[in-house]
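Counting from 1, the numbers follow the sequence of the chain as shown.
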Amino acid sequence: FNKRSADATTLIQEAKKQFEEMKMSNEALFAQNTLIQVNNQRVAKIALQTNHSLPFNVSYSPDGKYFATYSDDYTIKLWDAKLVRQIQTITAHVNSINQVTFSANSKYFISASDDEYIRVWDTRSMRLYKEINAHYRVKYAALNRTGDKMIAAGSDSSIHVYNFDN
């Protein structure tokens, strides 16, 4: 985000802590509400930039370099987390995107959609790495820590495990 809002957040957090230590509950609550408002302004800033339909979802990469936004508008937008700048818009799905998750090493991100596809994307090149026609509406998909298995959950409460060789 930017340095000023980060500095303000730090100051408000420190004030809240001091209020709590001095047992000044009303002031601590005020500080907490102020932090919520600052965070809401950040989310609103991102929302204005995304052009996603509301509500939209956010998924962060484990390395902290990226985040993805997605919603019912069938698009995924990948962002540079440090600059809060959009890098890429992906329009490969033809139905609602239910989940986007990153691999443990942040090398890939996975999209799960009601269009019955699981798509695995290379984070650096933004290219489609692998596509699985699941034949069911996919609500969730993620790679395990070692990256050799993918688990997916369907709208029918089914769980599926796929081999994933990267």
Exercise for review: Evaluate the side-chain proximity of Lys149 to Asn163: yes if any heavy-atom separation is below 4.5 Å, no if none is.
Suggested key: yes
Review point. Is Asn98 close to Val138 at the side-chain level, that is, under 4.5 Å between some pair of heavy atoms?
Key: no
Practice item. Could you please spell out the steps behind the side-chain contact (heavy atoms from CB on, under 4.5 Å) verdict for Asn95 and Tyr74? Key: CA-CA 6 Å; Asn95 209 325; Tyr74 316 160; 4.2 Å; yes
Practice item. Describe, in one word, how the ring planes of Tyr60 and Phe67 are oriented to each other, choosing from parallel (under 30°), tilted (30 to 60°) and perpendicular (over 60°). Key: tilted
**Study point:** From CA spacing to verdict: side-chain contact (heavy atoms from CB on, under 4.5 Å), Leu78, Thr123
**Key:** CA-CA 9 Å; Leu78 194 71; Thr123 304; 4.2 Å; yes
Heavy-atom closest pair, residues [X] and [Y]:
X: Trp121; Y: Met126; answer: CE3-O, 4.0 Å
X: Gly154; Y: Tyr136; answer: CA-CD1, 3.5 Å
X: Leu128; Y: Val120; answer: CD1-O, 3.5 Å
X: Ala81; Y: Gly64; answer: CB-O, 3.3 Å
X: Tyr66; Y: Arg124; answer: OH-CG, 4.3 Å
X: Ile87; Y: Asp80; answer: CD1-N, 3.4 Å

Donor-acceptor check, side chain of [X] to backbone of [Y], threshold 3.5 angstrom: yes or no?
X: Ser103; Y: Leu143; result: no
X: Ser61; Y: Phe102; result: no
X: Asp114; Y: Ser96; result: no
X: Thr101; Y: Ser59; result: no

Point to revise | Cluster link Ile90 to Ile97, ILVMFWY, side chain under 4.5 Å | key: yes
**Study point:** Tyr140-Ile132 co-clustered via ILVMFWY side chain contacts under 4.5 Å
**Key:** no
Exercise for review: Assess the pair His93 and Tyr70: is the distance between their ring centroids shorter than 6.0 Å?
Suggested key: no
**Study point:** Phe164 ring center within less than 6.0 Å of Tyr108 ring center
**Key:** yes
Point to revise | Partner of Lys16 under side-chain hydrogen bond (donor to acceptor under 3.5 Å, both in side chains), chosen from Gln18, Gln13, Glu20 | key: Glu20
Review point. Between Lys77 and Asp73, does at least one N-O distance fall below 4.0 Å, as a salt bridge requires?
Key: no
Exercise for review: Would you sort out whether Met150 and His160 count as a side-chain contact (heavy atoms from CB on, under 4.5 Å), showing the intermediate values?
Suggested key: CA-CA 8 Å; Met150 182 187 309; His160 304 267; over 6 Å; no
Review point. Got more than 12 heavy atoms from elsewhere within 6.0 Å of NZ, Lys139?
Key: yes
Exercise for review: Under the side-chain contact (heavy atoms from CB on, under 4.5 Å) rule, what do Ile159 and Ile151 come out as? Steps first, then yes or no, please.
Suggested key: CA-CA 7 Å; Ile159 303 290; Ile151 189 166; 3.7 Å; yes
**Study point:** Spatial distance of atom CZ (Arg119) from atom NZ (Lys130) [nearest 0.5 Å]
**Key:** 14.5 Å
